[in-house]
Amino acid sequence: MRKEFLSYNPPSIGDGERLEVQETLQTPWVTTGPKTVAFEAALKGYLEAPAVVALNSCTAGLHVALVALGVGPGDEVIVPAMTFCATANVVEHVGARPILVDVCPDTLTISPEAVRAAITPRTKVLLPVHYAGHPVQLDELDELAERHGLAILEDAAHAISTRYKGRLIGSRPNLAAFSFYATKNLTTVEGGCLTGEQSLIDKSRIIGHHGMNRDAWKRFDRSGSWYYEVVLPGFKYNMTDMQSAIGLVQLKRIEAFQKRRREVVARYEAGLKDLAALELPVERPWAESSWHLYVVRLQPGALRIGRNDFIEELKNRNIGTSVHYLPVHMHPFYRDKYGYRPEDNPVAADSYGRMLSLPLHAGLSDEDVDDVIQAVRELVFSNLA
Ligand SMILES: *Cc1c(COP(=O)(O)O)cnc(C)c1O
């Protein structure tokens, strides 16, 4: 058995990042300034985005985006039930109603059929999530958005380097929000960005920077002025140069990170695919996943133990795992406010009960992966129903 505990997704931060942070601390400008300008330019290049604004989280990006799109009381935003709570919380923040819909059984991404059934005259935005790094069915969503005059806002928290039909997530004109939280594929410890067409990003920048109508934060250089005006009551969501310093180094490493993630996934696939008790994650033919998460589901009735015991037993074998996610409609706030029952989104509810995320990050060695595979196999074979 493995001697040291294996975390399911620690960040890959190295000497390069540490050096950049130290150097930035020695400059006269440590918050939003030249490093953030450079990070935004680098992100724009990497994501092939029309325009980018860096912010202090993906949650901030989603909130700003909804404000930029004019979403407010009386409006509805369609959100998948299988996501992190922030995707729905931001809809509450602007006083609108999140309509929580079910996901596809294979990819656990939002079901276009469920979206179609949920559209009402009050619907304003479709807010799909590229769950675990697998892209959503954008063509189907585009068609619905066009027919009903809706905006699309992508929750791309998991989706840096994800491709839909060959095209990078983040390269479209609609707004997409990325996360650089500590557990994500690229991290600035905390942070995020919005991508989209220039006019939407310009507006989002103002909303995320106190509502200041010019780049008041450009006070760091000679071209900056002391003068600014507030054109709306914006938010304090700027990214600091300390974070951008980390992000610039991470962006240089992202391709190597992604290559390693794909190798780990291939090794899991080879080591686990013969187990009938497990349902492994899939990639549809038109999809290139960023493989943010490796979510396996226990096949109903195949084992004598349930998901919670499975997680405990893996922990006893020094393998860390997690669950992504308790569906949003099952959280007390949403359940009680809107009267949701688990079976309102049956795929999300059922999958939640039998899912777990195995360790997946760029720092895993082949031996680490083999330890996970061995522990999972032992557990399966000793608990067959
Ligand atoms: C992590 C995450 C977020 C929030 O990202 P932050 O940068 O922590 O605000 C939003 N949506 C999903 C799906 C996430 O996984």
Side-chain angles (χ1 to χ4, degrees), residues 8-11 36 39 43 47 52-67 77-94 98 100-101 103-104 107-110 125-136 152-162 169-170 175-195 204 207-208 235-240 242-244 246-247 250 261 281 289-295 322-331 334 345 348 351-352 355 357 360-361:
Y8 90 91
N9 65 350
T36 303
F39 186 42
L43 281 169
L47 295 169
V52 177
V53 57
L55 296 164
N56 62 9
S57 72
C58 174
T59 307
L62 292 168
H63 184 194
V64 160
L66 291 176
V67 174
V77 176
I78 299 181
V79 174
M82 183 53 76
T83 185
F84 182 59
C85 60
T87 322
N89 287 349
V90 291
V91 180
E92 296 284 334
H93 292 166
V94 298
L100 301 167
V101 304
V103 291
C104 302
T107 60
L108 301 179
T109 57
I110 198 164
V125 175
L126 306 182
L127 209 177
V129 177
H130 303 293
Y131 174 85
H134 193 287
V136 299
I152 291 182
L153 164 60
E154 296 165 73
D155 181 334
H158 301 177
I160 190 163
S161 90
T162 292
I169 298 304
L175 291 169
F178 290 83
S179 175
F180 309 133
Y181 180 65
T183 61
K184 300 305 201 298
N185 290 30
L186 179 148
T187 186
T188 60
V189 181
E190 295 277 356
C193 76
L194 268 178
T195 60
S204 297
I207 296 165
F235 302 95
K236 179 67 162 72
Y237 283 164
N238 55 300
M239 174 172 278
T240 69
M242 302 297 300
Q243 293 163 299
S244 296
I246 300 172
Q250 289 267 300
R261 279 179 184 270
S289 178
S290 66
W291 291 108
H292 173 56
L293 300 172
Y294 195 83
V295 178
S322 192
V323 173
H324 299 91
Y325 299 93
L326 175 65
V328 179
H329 72 293
M330 293 167 68
H331 281 290
Y334 292 97
N345 293 308
S351 294
Y352 162 68
M355 64 169 37
S357 304
L360 179 54
H361 58 89

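First listed ligand is number 1; within each ligand, the first listed atom is number 1.
Near ligand 1, heavy-atom contacts under 4.0 Å come from S57, C58, T59, T83, F84, T87, V129, D155, A157, H158, S179, Y181, K184, G191, Y325.
Within the 3.5 Å criterion, the main-chain N or O of S289 finds no donor-acceptor partner in the side chain of H134. Using modelled atom types, one side-chain atom of N345 and one backbone atom of L100 make a donor-acceptor pair closer than 3.5 Å.
Applying the side-chain hydrogen bond (donor to acceptor under 3.5 Å, both in side chains) test to Y334 and every residue at least two apart in sequence or in another chain returns N89. Residues meeting the side-chain hydrogen bond (donor to acceptor under 3.5 Å, both in side chains) test with T107, sequence neighbours left out: T109.
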Under 3.5 Å, which donor-acceptor pairs do the side chains of residues 54-66 form with other protein atoms, sequence neighbours left out?
{"from": "S57", "atom 1": "OG", "to": "T59", "atom 2": "N", "distance (Å)": "3.3"}
{"from": "S57", "atom 1": "OG", "to": "A60", "atom 2": "N", "distance (Å)": "2.8"}
{"from": "H63", "atom 1": "ND1", "to": "Y237", "atom 2": "OH", "distance (Å)": "2.8"}

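No more than 12 heavy-atom neighbours from other residues, nucleotides or ligands sit within 6.0 angstrom of OH on Y181.
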